[in-house]
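Basis for what follows: all heavy atoms, side chains included, without hydrogens, waters or symmetry-related copies. Computed from a predicted structure; not experimentally measured.
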Amino acid sequence: MDVVARLASQRAVVIFSKSTCCMSHAIKRLFYEQGVSPAIVEIDQDMYGKDIEWALARLGCSPTVPAVFVGGKFVGTANTVMTLHLNGSLKMLLKDAGALWL
């Protein structure tokens, strides 16, 4: 879990993803369209990918990707992120983390 915490704290927004996952692609697009440049960790292309996936599962990520961290804190997977976006609270999280300036 240390590697996940270390990676998640490196940028305002970090998305753990798999390059072949359509939901990961949709979540990445959502952030790009908001004007956010998240750090993307493609766990299927990372040499520690299996360890990262195991650590994400231990955090409660189900499915394990996409897993979104904002301000170093676990926000949730696709369903949670989309809910936050639709109810307007995602922008506030992004502003508080310094990922958005508007």
| Can you name the residues that form a side chain to side chain contact (heavy atoms under 4.5 Å, CB included) with A39, not counting sequence neighbours? | R11, V14
| request: Any salt bridge (charged side-chain N to carboxylate O under 4.0 Å, His left out) involving residues 17-26? Give me the pairs, sequence neighbours left out, ordered by first then second residue. | output: K18-E53
| Can you tell me if OH on Y48 sees more than 12 non-hydrogen neighbours from other groups inside 6.0 Å? | no
| request: Write down the atom of T64, the atom of A67, and the distance for their closest heavy-atom approach. | output: O-CB, 3.5 Å
| query | About how many Å separate CD1 of I43 and CG of D51, when rounded to the nearest 0.5 Å? | reply | 10.5 Å
| task | Could you list all the salt bridge (charged side-chain N to carboxylate O under 4.0 Å, His left out) pairs where at least one residue sits in residues 83-92, not counting sequence neighbours? | result | none
| said: Show, in sequence, the C-alpha distance, side-chain angles and deciding distance for F16 and L7, and conclude whether the side chain to side chain contact (heavy atoms under 4.5 Å, CB included) test is met. | reply: CA-CA 9 Å; F16 291 90; L7 291 169; 3.9 Å; yes
For residues 68-86, please give each side-chain donor-acceptor pair under 3.5 Å, one per line with the distance, not counting sequence neighbours.
residue	atom	partner	partner atom	Å
T83	OG1	N79	O	2.9

Please list, one pair per line, the donor and acceptor atoms closer than 3.5 Å that link side chains of residues 22-29 to other protein atoms, with sequence neighbours excluded.
residue	atom	partner	partner atom	Å
S24	OG	S17	OG	3.4
K28	NZ	S17	OG	3.4
K28	NZ	E42	OE2	2.7

| request: With sequence neighbours excluded, tell me which residues meet side-chain hydrogen bond (donor to acceptor under 3.5 Å, both in side chains) with D44. | output: S19
| field | Approximate separation, where rounding is to 0.5 Å, of L90 CG and K95 NZ | value | 11.0 Å
| note | For F31 and I15, the nearest pair of non-hydrogen atoms, with its separation, is CD1-CD1, 3.7 Å
| query | If Ile, Leu, Val, Met, Phe, Trp and Tyr residues are connected whenever their side-chain heavy atoms lie under 4.5 Å apart, and connections chain through other members, are Y32 and V36 in the same group? | reply | yes
